[in-house]
Engineer: 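What follows is a structure written as structure tokens; I'll ask about it next.
Remember, predicted model here, so these are calculated numbers, not experimental data. Every chain is numbered from 1, with letters handed out A, B, ... down the list of sequences.
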Protein chains: 4
Amino acid sequence: MDRRSQILQMAGHLFSQRGYHATSIRDLAQALNLQGGSLYAHIASKEELLLEVVRQAAARFQEVLEGLPEAGPKEKLVALVKGHLRVIAEELPRATVFFHEWKHLSPPLLEEAKALRRRYEEGVQRVIAEGVEKGVFQVENLRLATLFLLSALNWTYQWYRPQGPMPLEEFSEAYAGMALRALGAGEGGEDGQA
Amino acid sequence: MDRRSQILQMAGHLFSQRGYHATSIRDLAQALNLQGGSLYAHIASKEELLLEVVRQAAARFQEVLEGLPEAGPKEKLVALVKGHLRVIAEELPRATVFFHEWKHLSPPLLEEAKALRRRYEEGVQRVIAEGVEKGVFQVENLRLATLFLLSALNWTYQWYRPQGPMPLEEFSEAYAGMALRALGAGEGGEDGQA
Amino acid sequence: MDRRSQILQMAGHLFSQRGYHATSIRDLAQALNLQGGSLYAHIASKEELLLEVVRQAAARFQEVLEGLPEAGPKEKLVALVKGHLRVIAEELPRATVFFHEWKHLSPPLLEEAKALRRRYEEGVQRVIAEGVEKGVFQVENLRLATLFLLSALNWTYQWYRPQGPMPLEEFSEAYAGMALRALGAGEGGEDGQA
Amino acid sequence: MDRRSQILQMAGHLFSQRGYHATSIRDLAQALNLQGGSLYAHIASKEELLLEVVRQAAARFQEVLEGLPEAGPKEKLVALVKGHLRVIAEELPRATVFFHEWKHLSPPLLEEAKALRRRYEEGVQRVIAEGVEKGVFQVENLRLATLFLLSALNWTYQWYRPQGPMPLEEFSEAYAGMALRALGAGEGGEDGQA
DNA sequence: AATGAATGAGTGTTCATTCAT
DNA sequence: CATGAATGAACACTCATTCAT
């Protein structure tokens with residue numbers, strides 16, 4: 001891994017643990033056995049680092065959407081939930097920054113971060129909408145259902161720990177079940193207009 | 001409202017909007033038409049301010065738990081969801097600080113904040129556990145179900161805006177419905193062992 | 001004792017213990033069960049307090065000089081040493097400020113403090129000069145002998161504690177003996193050209 | 001001389017002239033043609049600077065004790081007095097800080113400063129004690145005699161100026177003479193048990 | 001690439017002092 | 001007389017960033 005990647009990795013780690021503002025360039029340099037000024041041979045600014053971490057996380061989440069199987073809504077939703085939680089488990093620091101620290105970007109870059117987040121949310125909404133259209137999901141309000149699902153998913157970065165007692169597979173299986181039920185697509189029913 | 005309450009209110013507002021570290025004492029003072037140093041006639045430190053805001057929010061959430069009706073699990077859960085969302089709607093800045101900024105407290109005070117959050121989460125878990133015991137809720141894993149619910153509820157502070165297009169009543173009604181279904185207590189069924 | 005005297009006493013106490021700059025007006029007020037601003041009904045400024053304490057100490061030392069017995073040089077010197085040490089013992093805080101903290105006065109007032117100290121030193125020098133003229137003291141260099149004596153006397157405020165194990169009388173008796181010998185006026189000899 | 005030594009030297013100079021609390025980090029930086037914050041590339045804190053200056057002075061005084069000739073008590077005491085006064089003359093700023101400003105250290109460091117001072121005083125006391133044991137010095141009270149000598153010596157930093165009219169050699173010669181007499185070891189007598 | 005010294009703005013906090021009440 | 005709120009300047013110290021080496 002080249003220097004820049006090392007720096008980005010460590011930045012993700014520290015930003016996620018302490019927060020962007022509470023992490024100084026010197027903290028970051030020290031964690032890499034460097035002097036503060038030395039980072040500037042590799043990066044343009046602290047803020048660029050933040051944006052880059054956000055972009056990397058966004059890319060991982062976007063891959064989930066793009067890798068969804070061509071299948072019925074339930075299967076798709078399960079894949080989405082599992083994929084989302086896998087990204088969080090595998091990329092906890094970056095995901096944390098994606099969910100929280102992006103707010104500290106300043107206007108020009110902030111827009112990009114917002115757009116990345118919006119794009120993902122729209123993708124999630126499409127998955128639900130498709131299920132509703134096909135009569136598999138029953139929701140009163142599409143937007144609200146999307147936000148309910150995203151909330152349940154996003155907040156997990158706050159408490160799920162991959163090294164913890166619950167393996168990812170068990171965790172995401174159970175989570176997907178609750179998500180389906182919340183969307184009115186309980187266990188039994190066929191997937192699609194059977 | 002006395003000066004200290006004004007300061008606390010404004011601190012909650014700014015901490016929630018910009019984050020604790022990105023809000024300087026001078027920012028806070030300026031928002032109150034004061035000089036930076038003048039705040040120290042009313043507060044002991046910036047950190048004390050943060051803790052106080054966290055405490056106030058925690059108190060509001062705790063009231064919800066304590067005001068739950070003596071009723072069946074479904075009714076109780078609905079009241080919990082609605083109460084939680086009402087606190088978020090009515091106390092958006094403080095709730096935001098309660099969910100996020102508490103992390104920036106330093107060790108002695110950090111423990112108090114963690115304890116306050118833990119106490120609330122345990123209360124929520126008890127409500128779900130009761131429903132499970134009475135056979136009203138069907139969940140695979142109690143802890144996970146609690147975290148699912150808390151996630152769906154907590155993250156709302158990120159996107160729900162009381163001045164937005166959706167009135168609180170409609171929002172929380174729909175949200176409660178999804179929560180119930182997620183816990184395996186769909187519409188129909190009696191509340192309790194009918 | 002009126003308020004102003006109380007304030008002056010406490011100021012002497014705190015200035016001597018912590019130093020002028022390390023004692024804040026609020027420290028002083030607090031020690032008197034007052035609010036910081038309240039002191040200004042009684043004093044003009046912090047610096048005025050310092051000068052006043054210096055003046056009070058200077059007056060006590062000056063009294064020693066003026067109360068010296070009309071007697072031979074040895075007797076006079078013994079009275080001077082004992083008087084000086086008594087003032088230190090009885091007025092430790094003020095004496096400490098007189099010896100040290102006067103330096104923090106700013107130019108206009110600084111001159112007064114310097115003059116007070118100079119006046120006392122000149123008085124001490126006259127006592128020694130008289131002994132030299134009368135052939136009782138044998139010193140190589142009058143100025144140096146004076147400074148030697150003053151040094152031995154002044155520094156005592158650093159270590160002599162009236163509540164300590166050595167009673168003032170014993171202490172100053174022994175001290176006077178060493179002073180006399182240093183000035184070449186050992187035990188035996190008559191006092192004056194008998 | 002490297003930057004850190006320059007800073008320490010200037011710190012000694014300013015602390016001795018104005019006092020520790022009356023010397024700001026910006027004063028110090030300005031005297032070195034730097035910005036305030038720039039000092040922190042070289043030092044850890046203002047207090048560290050104070051302790052370091054105290055240590056350097058203590059080392060110089062301790063060298064005097066350790067370089068004392070193996071000779072009779074009178075010769076040794078003369079060497080001690082002259083050595084002590086030479087350190088004051090050559091290291092006036094540091095010596096001043098050693099005598100006065102050490103009090104502003106806070107507890108953990110304060111103890112070190114006290115220990116350094118105590119060690120030196122004990123060394124001085126041993127020199128006198130030896131002379132007393134050998135019958136060369138006659139003192140009523142060993143501890144008091146030590147404090148008398150130390151007082152006469154220490155206070156000199158307040159008034160002796162190396163650039164002044166009196167050369168160090170003449171000054172310390174005369175001072176040593178008075179010290180010897182104060183200890184009851186006048187000119188004539190042999191040095192030792194003749 | 002990396003260092004180490006420097007900058008200038010900014011941090012939270014304290015200060016002596018003022019003043020309406 | 002005393003209070004409590006306020007000021008404006010100062011404090012020690014940290015920050016992101018620059019740059020000669």
Engineer: Starting at CG of D27(D) and ending at C1' of dC11(F), how long is that distance when rounded to a whole Å?
Structural biologist: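 Distance, rounded to whole Å: 11 Å.
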
Engineer: Taking 5' to 3' order, which nucleotide of DNA chain E is first and which is last to have an atom within less than 4.0 Å of a heavy atom in chain C?
Structural biologist: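 Range of nucleotides touched by chain C: dC15(E) to dT18(E).
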
Engineer: Do W155(B) and F99(B) have ring centres separated by under 6.0 Å?
Structural biologist: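 No, the ring of W155(B) stays outside the 6.0 Å limit from the ring of F99(B), centre to centre.
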
Engineer: Which residues, if any, of residues 1-21 of chain C bring a heavy atom under 4.0 Å of DNA chain E?
Structural biologist: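 Contacts with DNA chain E under 4.0 Å: none.
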
Engineer: What is the distance from CD of E48(A) to P of dA16(F), rounded to the nearest Å?
Structural biologist: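 Rounded to whole Å, this separation is 15 Å.
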
Engineer: So does Y20(D) get a backbone contact from the side chain of E101(D), meaning a donor-acceptor N/O pair under 3.5 Å?
Structural biologist: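 Confirmed, E101(D) side chain pairs with Y20(D) backbone.
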
Engineer: Check every strand shown and say whether L39(D) touches a base, only sugar-phosphate, or nothing at a heavy-atom separation below 4.0 Å.
Structural biologist: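 Nothing: the residue L39(D), judged by heavy atoms under 4.0 Å, touches no strand.
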
Engineer: Ignoring hydrogens and angles, tell me if any N or O in the side chain of T23(D) forms a donor-acceptor pair with the backbone of G19(D) under 3.5 Å.
Structural biologist: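 It does hold such a pair.
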
Engineer: Need to verify one output field. Residue with the more 5' nearest nucleotide on DNA chain E, S45(B) or H42(D)?
Structural biologist: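 By nearest-heavy-atom nucleotide position, the 5'-most residue is H42(D).
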
Engineer: Within the structure shown, what part of the strands sits under 4.0 Å from I25(B) by heavy-atom distance: base, sugar-phosphate, or nothing?
Structural biologist: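 Base: the residue I25(B), judged by heavy atoms under 4.0 Å, touches a nucleobase.
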
Engineer: Between atom CZ in R26(D) and atom P in dC13(F), what is the gap in whole Å?
Structural biologist: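 Roughly 11 Å, once rounded to whole Å.
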
Engineer: Taking atom CD as the centre, does Q30(C) end up with more than 12 heavy-atom neighbours from other residues, nucleotides or ligands that are less than 6.0 angstrom away?
Structural biologist: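 No, because the 6.0 Å sphere around CD of Q30(C) holds 12 heavy atoms or fewer from other groups.
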
Engineer: Nearest 0.5 Å, what's the CH2-CG distance between W102(B) and L109(B)?
Structural biologist: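 One finds 13.0 Å between CH2 of W102(B) and CG of L109(B).
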
Engineer: Salt bridge between E111(A) and R117(A), side-chain N to carboxylate O under 4.0 Å?
Structural biologist: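 Salt bridge: no.
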
Engineer: How far does CG of L34(A) sit from CD1 of I7(A), to the nearest 0.5 angstrom?
Structural biologist: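 Separation between the atoms: 6.5 Å.
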
Engineer: In whole angstrom, what separates L28(A)'s CG from dT14(F)'s C1'?
Structural biologist: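 L28(A) atom CG is separated from dT14(F) atom C1' by 16 Å.
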
Engineer: Which comes earlier along DNA chain F counting from the 5' end, the contact point of A22(D) or that of T23(A), where each point is its nearest nucleotide?
Structural biologist: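 The answer here is A22(D).
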
Engineer: Could you pick out which residue, K46(C) or Y40(B), lies toward the 5' side of DNA chain E when each is mapped onto its nearest nucleotide?
Structural biologist: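 Upstream on the strand: Y40(B).
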
Engineer: Examine distances only and state if a side-chain atom of R161(D) and a backbone atom of Y157(D) form a donor-acceptor pair shorter than 3.5 Å.
Structural biologist: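 Between the backbone of Y157(D) and the side chain of R161(D) there is a qualifying donor-acceptor contact (under 3.5 Å).
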
Engineer: Closer than 4.0 Å, any side-chain N/O of Q35(C) to the OP1 or OP2 of dA2(F)?
Structural biologist: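 No, no such contact exists.
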
Engineer: Is there a donor-acceptor pair under 3.5 Å between the side chain of E47(A) and the backbone N or O of S106(A)?
Structural biologist: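 Checked: pair present.
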
Engineer: Check whether any side-chain N or O of R94(C) sits under 3.5 Å from a backbone N or O of V53(C) as a donor-acceptor pair, and report yes or no.
Structural biologist: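 Absent.
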
Engineer: Give the dot-bracket string for DNA chain F, reading 5' to 3', where a pair is Watson-Crick or G-U wobble with both distances under 3.5 Å, ( ) marks pairs inside the strand, [ ] marks pairs crossing earlier ones, | marks a partner on another strand, and . marks unpaired.
Structural biologist: .||||||||||||||||||||

Engineer: If only side-chain N and O atoms of S38(B) are considered, is one of them under 4.0 Å from the OP1 or OP2 phosphate oxygen of dT7(F)?
Structural biologist: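 For dT7(F), OP1 or OP2 has a side-chain N or O of S38(B) closer than 4.0 Å.
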
Engineer: Below 30° counts as parallel, above 60° as perpendicular, anything between as tilted: where do the rings of F61(A) and F98(A) land?
Structural biologist: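 Because their plane-to-plane angle is under 30°, the rings of F61(A) and F98(A) count as parallel.
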
Engineer: We want to know whether Q17(A) and K103(B) form a side-chain donor-acceptor pair, criterion being a heavy-atom distance below 3.5 angstrom.
Structural biologist: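 No donor-acceptor contact under 3.5 Å links the two side chains.
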
Engineer: Tell me which nucleotide among dA12(F), dA2(F), dT7(F) gets nearest to the side chain of L34(B).
Structural biologist: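 So the nucleotide nearest the side chain must be dT7(F).
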
